[in-house]
Amino acid sequence: MSWWPLLVDGPWLVASLAVLRAALHQRRAVHSWAVVVLFLALAMLLCVLQAPRTLADTSSAALPGLASLICFQQVVRQITLSRPPRRAVPRHRQPPDGRTASSASGQAPPPHPRPSRPRVQNTVPNRGRPAGTRP
């Protein structure tokens, strides 16, 4: 029994799942892509080495690995292009002209915050200290 398909396709599968996860979260996956390409190239090399030495057999042994890489890259592109990009600017930031986002869009502006309450003065008498000093 030969273990090379498991040892080669296992890391390729795990790295592919990491690339898909990164695509869903709109993050980069350079390391995972490197693992995918490295182990796919290794799998293609092993398939080509086991194929008969004719041009047709060698190319047909390499074609499934190359096709799977191209199809996988297209799936990742579909995921990244179908999800809207994240906002670069936080939603609570005001536009440069000073208007709020709702007034720029024609909606009623949000109500003003409540005015702050005056500080409650200490009701304890001064007990012989000069005015304005604290205990």
Side-chain angles (χ1 to χ4, degrees):
M1 179 169 156
S2 178
W3 286 89
W4 75 262
L6 180 63
L7 296 175
V8 173
D9 293 338
W12 184 89
L13 177 66
V14 172
S16 298
L17 292 174
V19 168
L20 288 175
R21 182 173 186 257
L24 285 172
H25 292 286
Q26 297 178 348
R27 294 202 163 84
R28 295 179 54 199
V30 176
H31 181 261
S32 299
W33 270 112
V35 171
V36 166
V37 171
L38 174 73
F39 280 93
L40 185 66
L42 184 60
M44 285 174 51
L45 176 69
L46 291 172
C47 287
V48 167
L49 288 177
Q50 289 184 349
R53 300 284 181 238
T54 65
L55 181 62
D57 290 334
T58 303
S59 61
S60 65
L63 190 60
L66 185 62
S68 67
L69 179 66
I70 292 170
C71 291
F72 179 68
Q73 192 267 343
Q74 290 298 312
V75 167
V76 171
R77 281 185 54 105
Q78 289 295 320
I79 291 172
T80 57
L81 293 177
S82 65
R83 294 178 54 90
R86 286 196 246 172
R87 295 178 148 258
V89 178
R91 295 177 189 224
H92 62 275
R93 185 176 283 180
Q94 291 184 354
D97 62 357
R99 297 185 300 169
T100 61
S102 60
S103 65
S105 64
Q107 297 175 351
H112 291 289
R114 294 188 315 199
S116 61
R117 294 183 184 173
R119 289 184 59 190
V120 178
Q121 297 295 325
N122 191 358
T123 57
V124 177
N126 198 355
R127 298 195 187 156
R129 286 188 294 274
T133 61
R134 294 189 147 181

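Residues: numbered from 1 along the sequence shown.
Within the hydrophobic cluster formed by Ile, Leu, Val, Met, Phe, Trp and Tyr side chains joined at under 4.5 Å, directly or through other members, Val14 stands alone, with no partner residue.
Leu42 pairs by the side-chain contact (heavy atoms from CB on, under 4.5 Å) definition with Val8, Phe39, Leu46, not counting sequence neighbours.
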Please walk me through it: do Phe72 and Val19 pass side-chain contact (heavy atoms from CB on, under 4.5 Å)? CA-CA 10 Å; Phe72 179 68; Val19 168; 3.9 Å; yes
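Using a 4.5 Å cut-off between side-chain heavy atoms of Ile, Leu, Val, Met, Phe, Trp and Tyr, with links allowed through other members, Leu45 and Leu6 fall into different hydrophobic clusters.
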Donor-acceptor pairs under 3.5 angstrom involving side-chain atoms of residues 47-65: please list them, not counting sequence neighbours.
from	atom 1	to	atom 2	distance (Å)
Thr54	OG1	Asp57	N	3.2
Thr54	OG1	Asp57	OD2	2.8
Thr58	OG1	Thr54	O	2.8
Ser59	OG	Leu55	O	3.0
Ser59	OG	Ala56	O	3.1
Ser60	OG	Ala56	O	3.0
Ser60	OG	Asp57	O	3.0

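Sorted by first then second residue, the side chain to side chain donor-acceptor pair (under 3.5 Å) pairs that include residues 28-44, not counting sequence neighbours, number zero.
Here the CZ atom belonging to Arg21 is positioned 13.5 Å from the CD1 atom belonging to Ile79, to the nearest 0.5 angstrom. Between the CG atom in Leu66 and the OG atom in Ser68 there is a gap of 8.0 Å [rounded to 0.5 Å].
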